[in-house]
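A short worksheet on the structure shown next.
To find a chain, count down the sequence lines: A is the first, B the second, and so on, and within it residues start at 1.
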Number of protein chains: 2
Amino acid sequence: MAEGAGTTRAQIVDAANRLFYVKGFEHTSFAAIAETVGISRGNFYHHFKSKDEILGAVIEARLQSTRAMLAEWDRDEPGPAERVRRFVEIVIANGADIQDFGCPVGTLTNELAKLGHPARPQAVAVFDLFRTWLRAQFEELGLAVEADDLAMHVLAFSQGAATLSNAFHDGEFVRREVDRLHAWLDERLAHGRPIAGSAH
Amino acid sequence: MAEGAGTTRAQIVDAANRLFYVKGFEHTSFAAIAETVGISRGNFYHHFKSKDEILGAVIEARLQSTRAMLAEWDRDEPGPAERVRRFVEIVIANGADIQDFGCPVGTLTNELAKLGHPARPQAVAVFDLFRTWLRAQFEELGLAVEADDLAMHVLAFSQGAATLSNAFHDGEFVRREVDRLHAWLDERLAHGRPIAGSAH
DNA sequence: GAAGCGCTAGGACGCCTGTCCTAGTTGCAG
DNA sequence: CTGCAACTAGGACAGGCGTCCTAGCGCTTC
């Protein structure tokens with residue numbers, strides 16, 4: 001069973017991944033996925049036993065692509081401070097999608113929570129990936145004691161910005177909020193104690 | 001047609017309000033609402049022509065109760081600074097529900113966005129209520145120029161805290177994040193320029 | 001008592017959902 | 001060339017959904 005990117009299975013996962021984000025998990029029907037991929041509806045069950053299994057594969061794909069992205073940032077960015085800033089800028093890089101559909105991680109996690117879906121912890125694992133990675137950056141910056149707290153704060157920033165960007169369809173707000181967090185990082189990274197005069 | 005709190009119509013709106021929050025709008029069926037209220041399923045259409053009409057009534061009820069809450073805060077709190085802090089503390093006061101289901105405003109707005117539902121702007125109006133109210137507080141504090149920006153930041157804080165509280169089921173994180181925002185307010189309200197030494 | 005109205009129960013409807021089945025096609029292995 | 005496994009198409013299925021209809025209840029007002 002080849003797992004290449006062009007296989008039918010991979011196409012299903014790709015289409016479902018996007019549709020779960022755009023329309024939500026529950027509102028995405030098999031018919032919609034089938035239409036996107038261009039295959040028959042009944043054909044799914046040769047690749048997945050159930051819709052939940054597709055969800056599992058989608059989350060697994062998101063985990064994998066997130067790991068790849070973080071590894072790329074580890075490789076490309078010169079230091080931990082730049083890496084955190086790279087994360088902060090993600091809400092601008094993906095600004096268009098976020099305005100329309102919110103954060104893929106946050107919205108899926110919340111939907112699964114409301115559905116009482118067993119795959120919820122798996123979805124939270126994507127958050128954990130970011131959390132752990134951010135924490136590692138702050139630790140590398142010598143802020144070991146509060147590293148996890150800072151990581152969660154940066155994560156909370158991204159969720160707040162995404163939710164309001166989606167609600168108000170306001171790109172300028174996101175820019176201001178990103179700048180504010182950059183200024184906060186300036187203070188935090190100066191010494192571990194804030195300094196006066198920064199206009200955050 | 002009496003509109004009192006005990007009427008069947010009001011009971012339907014109450015039950016739908018809670019269920020839309022707990023299970024999401026789409027995942028909430030007429031059967032579930034009927035069972036909660038204790039009435040027949042087919043009986044709905046004497047009070048509402050469609051599910052969307054129930055949604056409209058639920059959002060209207062939320063707008064009304066939000067206005068009442070803000071008016072109460074205007075009455076009870078001595079000044080605008082205390083009012084903003086009262087808002088900030090809401091993520092702790094409603095901590096249990098937020099951990100389980102997220103923010104009612106943010107999650108509904110996002111769900112309606114993904115569904116492409118026409119009532120989305122109506123749901124955003126609840127956000128606007130908070131935004132306008134917060135802006136008024138900051139204006140009263142003499143921060144007229146940046147009042148809306150500050151209002152949006154406080155709003156973003158609440159959404160970030162709510163989303164992660166729901167994802168990680170972590171109450172201590174919310175407390176830390178609230179304290180951080182209080183410290184930020186301390187700086188902001190000192191003069192409009194931050195002062196040194198505050199451990200935010 | 002009669003009439004009328006607000007309200008309700010319960011079921012019928014057409015549609016769409018996730019699931020499952022089966023017959024048929026393709027392509028590789030011997 | 002044959003056989004087997006992987007894969008696909010298309011439809012059947014049971015159940016749930018929002019919607020709608022109708023018969024009947026209980027209360028008020030002449």
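- Aromatic ring pairs are classed by plane angle as parallel below 30°, tilted from 30° to 60° and perpendicular above 60°; the pair Trp133(A) and Phe87(A) is tilted.
- Taken residue by residue, residues 21-38 of chain A places heavy atoms nearer than 4.0 Å to DNA chain C at Thr28(A), Ser29(A), Phe30(A).
- Across residues 52-60 of chain A, not one residue has a non-hydrogen atom less than 4.0 Å from an atom of DNA chain C.
- A salt bridge links Arg86(B) with Glu77(B): at least one charged nitrogen is closer than 4.0 Å to a carboxylate oxygen.
- Asp14(A) and Arg18(A) are not joined by a salt bridge, as no carboxylate oxygen comes within less than 4.0 angstrom of a charged side-chain nitrogen.
- Put simply, CG on Leu19(A) is 12 Å from P on dG18(C), counting in whole angstrom units.
- Regarding Lys51(B), its NZ atom lies at a distance of 8 Å from the P atom of dT19(D), rounded to whole Å.
- Distances shorter than 4.0 Å separate some side-chain N or O of Thr8(B) from OP1 or OP2 on dT8(C).
- For Phe20(A), the ring pair (Phe, Tyr, Trp, His ring centres under 6.0 Å) partners at least two apart in sequence or on another chain are Phe25(A).
- Within the structure, side chain to side chain donor-acceptor pair (under 3.5 Å) contacts touching residues 42-61 of chain B (residues at least two apart or in different chains) are Asp52(B)-His117(B).
- The stretch residues 40-48 of chain B touches DNA chain C through Ser40(B), Arg41(B), Gly42(B), Asn43(B), His46(B), His47(B), each having a heavy atom within less than 4.0 Å of the strand.
- Contact record, Ile33(B) with Ala16(B): CD1-CB, 4.0 Å, taken as the closest heavy-atom pair.
- In terms of heavy atoms, Asn166(A) sits closest to Gly102(A) at ND2-N, 3.7 Å.
- A donor and an acceptor atom, one from each side chain of Glu111(A) and His27(B), are nowhere located under 3.5 Å apart.
- For the ring pair (Phe, Tyr, Trp, His ring centres under 6.0 Å) test, no residue two or more places apart in sequence or in another chain qualifies with Phe173(A).
- Shortest non-hydrogen contact noted between Ala119(A) and Ile59(A) is O-CD1, 4.0 Å.
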